[in-house]
Amino acid sequence: MKFITTTFDSLLGWARKYSLFQYPFVTACCGMEYMSAMCAHYDIDRFGAGLTRFTPRQADVLLVVGTINHKIAPVLRTVYEQMTEPKWVIAFGTCTTTGGLYDNYATVQGIDHIIPVDVYIAGCPPRPETVLEGLMKLQEKIQKSRQAWRGRKS
Amino acid sequence: MDFKPLRKDTMLLNMGPSHPAMHGIIRILLELDGERVVKADVEIGYLHRAFEKTAENKTYLQVIPYTDRLNYVSPIINNVGYCMTVEKLLGIEVPERAQYIRVIMSEISRITDHLTCLGPIAMEMGAMTVFLYMMRAREFLYDVLEHVTGARLTVSYVRIGGVKADLPSNFENLLKKGIEDTKKCLRETHGLLSKNKIFIDRTRNIGVISKEEAISYGFTGPVLRSTGFYYDVRKAFPYLIYDLLDFEVPLGERGDNYDRYMVRMQEIEQSIRIIEQAMKKMPKGEIMVEKKKLEPYSVVDMSFSGKRIHPEKVQLSPNLEGSEMERSKFIYSSKFTPPPKEEVYTSIEGLIKHFMFYIPTEGIKPPKGEVYFSVEGANGELGYYLVSDGSSKPYKLHVRAPCFHLMAGFPKMIEGYMVADIIPTFASINMIGGELER
Amino acid sequence: MERKEELNKEIQERFQEFYIDFISPFGDDTLIIKKEGIFPVLSFLKNYGFELLLDITAVDYLGKKPRFEVVYHLLSFKDRKRIRVKAGVDEDDPKVTTVTSLWKNADWLEREVWDMYGIIFEGHPNLKRILMYEEFKGHPLRKDYPFRKRQPRIELLYPED
């Protein structure tokens, strides 16, 4: 019985990792490198993740790109809670991992104070090749984890 | 039959902070009557990163990386503005080759800014192809920036008193490739969009603003020039070497979206013209070395392709960059920049000077006073107001951001139009979040 | 420069009770006046030819009297000149008249000065915070507000240090 569920798990993981729908929550300078990674030079579409859905209900991956400050923190928490399971979060750039250059009265020192994060991509801003490597790490994580489907939690 | 009368009150719609237009976060509250906008209100502040308070706690040299995250699509123009403000307070002149280098790099940044503005205008109306062409042209310009400064986006290339390092020796070939590709992209975009009936229908007479209103709201830059009013900081208060170069300033007629698109396309052509003239007129700074050995970037290229490198062929300069002692008199004035590395590593005076430069209580100490200086940013007049009290940290640094005034006038530009016209109008203003909220 | 001398004389004649000084440090023309005279002097300058309001900001000189100083920058297209107008504001009575009836972008600029420094503009249609959120207490750019003091809006998953 376990053999069947683990094979089914890996099949479902394979299907999910190559068809990620992303929700880009773009705020600041890292958005320029996000645009470069999406376009023709460093194509992200060959990984299957090229489709941006601009509504959280239809998205799998929440890409938080750019500095988050305390004024927009409730909005980020609401967007995360509106996404349907299964969902993953990528923290893009150093401002989202640890607050970056900005240690002052307005900035959140890392978005893991607000929502749980799966993959951290560092860089100020990270080169597009780094972004693609971060995406591949997320794909590895999805393939190896215990999949969630109806009636069974992950 | 008895029909109830229709409701006539207006509907309140919220275009929330995170929305599909690719221009950063802003919140627009709309009061709609059917599909027409009756009144609009804009709420900002979602990217406030406390630039001004940070500048009061760091030394003059440490503020430079924060300035290039202000308008992150044209970072060199912000750096140049800040450094020229401090130079005005100190009262120094930069060497001539450094002025030419600053002008060429500023114009490359201006081209990347206009490309990043025009791409999303087309994409949000459905023309994905134009966006991909512009991003491709932008990648070649980022290659040029990377070979000169080391970084694609956040460069910190300009220093108080000059620039960080000299240009590498294959700069002309790289620049030629970048410019050729930009010209090709402009030709194709003109062919696709400028006489396209759908594009003209969606942008003509939409988002109109008159000259008097634009001046009352404090607009400057391409948006003011599209209404027909002639004001450009490079011509009115010339700085660096802009008075020696020959270029035109394009003007529009009606102040609608189509005029703003055409003004930006023609400004890219004028920037290319400035770059070509400056490359011809630039004074030579290259010192002739007897034996030409390999330079750092070609060592990196060879390691990618797997060729073997003979050790005696590699002669790297002591700081790997291009600011050796022989070249330093062309690129910076040495009283206000750290000394070249040959001096630092071989003599005690150089070491002491280098050390005194970087500790937080010493370094550059301008005289007491206040000063205002402005440059022509890609969106308008970018000004810096600096108050100094004689110590090594600024007392107050304020940025006059052009986008702030453009967004103050934005609710007026969308009143009376339909909901689907908001997105192209918003895109043609080119709001950059880092500059709007510092 | 004759234009500058003319302007200096005219302002001295008309607004004698508000005039303090007219200097040019580092090449910028600066006019220092008392805070009651802001509206009359600025409307005179607007008719004189300074059509564009570039900026409104304030400086905090902690420990001096008056504590704040409100600074206006204006630009004239015909003569291609800029001018700066400064007025000192006390800490116990931080009230200044608004100039929204002369220029329309003064609306947002004065909201920013209120948000960052706490200077009240009388007659302003809509004086609320613009860059910070409503629940924030204090005015961040004053010199006695600590640099790193954060005031979170929602509950964090683990405490910030």
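So that the names make sense, note that chain A is the first sequence line, chain B the second, and so on, each numbered from 1. Values below: all heavy atoms of this structure, side chains included; hydrogens, waters and symmetry mates excluded.
- Surrounding NZ of A/K87 are more than 12 heavy atoms belonging to other residues, nucleotides or ligands, all under 6.0 Å away.
- Between the side chain of A/N104 and the main chain of B/R49, a donor-acceptor pair closer than 3.5 Å is present.
- Looking only at side-chain heavy atoms (C-beta outward), A/M32 and B/R152 stay at 4.5 Å or farther from each other.
- In this model, a donor atom of one side chain and an acceptor atom of the other lie less than 3.5 Å apart for A/Y23 and B/S18.
- Contact of A/P56 with chain B is not made at all, since no heavy-atom distance falls under 4.5 Å.
- Aromatic pair B/Y46/A/H70: ring centres not closer than 6.0 Å.
- Using a 4.5 Å cut-off between heavy atoms, B/F51 makes no contact with chain A at all.
- Counting heavy-atom pairs closer than 4.5 Å to chain A, the top residue among B/T54, B/L132, B/L47 is B/L47.
- The shortest heavy-atom contact between B/I25 and A/V26 is CG2-O, 4.4 Å.
- Judged by distance alone, the side chains of A/T67 and B/R69 never bring a donor and an acceptor atom under 3.5 Å apart.
- In this structure the side chain of B/M134 never reaches within 4.5 angstrom of the side chain of A/C39, judged on heavy atoms.
- Ring geometry for B/H48 against A/Y105 counts as tilted: the plane angle lies between 30° and 60°, on a 0 to 90° scale.
- One distance of note links CG of A/D103 with CG of B/N57; it measures 10.5 Å at 0.5 Å rounding.
- Counting heavy-atom pairs closer than 4.5 Å to chain A, the top-ranked of the candidates B/G45, B/P75, B/G434, B/G119 is B/G45.
- Heavy-atom minimum distance, B/L153 versus A/C29: CD2-O, 3.4 Å.
- In this structure, A/H41 NE2 and B/R138 CZ are separated by 11.5 Å, a value rounded to the nearest 0.5 Å.
- Checked by atom type and distance alone, the side chain of B/Y72 never pairs as donor or acceptor with a backbone atom of A/C30 at under 3.5 Å.
- The backbone N or O of A/C124 sits less than 3.5 Å from a side-chain atom of B/T154, completing a donor-acceptor pair.
- In A/R46, the CZ atom is crowded: over 12 heavy atoms of neighbouring residues, nucleotides or ligands sit closer than 6.0 Å.
- Ranked by heavy-atom pairs shorter than 4.5 Å toward chain B, the options A/G66, A/G31, A/A28 are led by A/A28.
- We find that B/E146 and A/R127 are joined by a salt bridge, their nearest charged nitrogen and carboxylate oxygen being less than 4.0 Å apart.
- For the pair B/E139/A/S36, a side-chain contact is recorded, criterion being any heavy-atom separation below 4.5 Å from C-beta on.
- Nearest heavy-atom pair across B/Y66 and A/L101 is OH-O, 3.1 Å.
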> Taking it one step at a time, do B/M135 and A/M38 satisfy side-chain contact (heavy atoms from CB on, under 4.5 Å)?
Replying inline: CA-CA 10 Å; B/M135 292 296 119; A/M38 291 281 290; over 6 Å; no
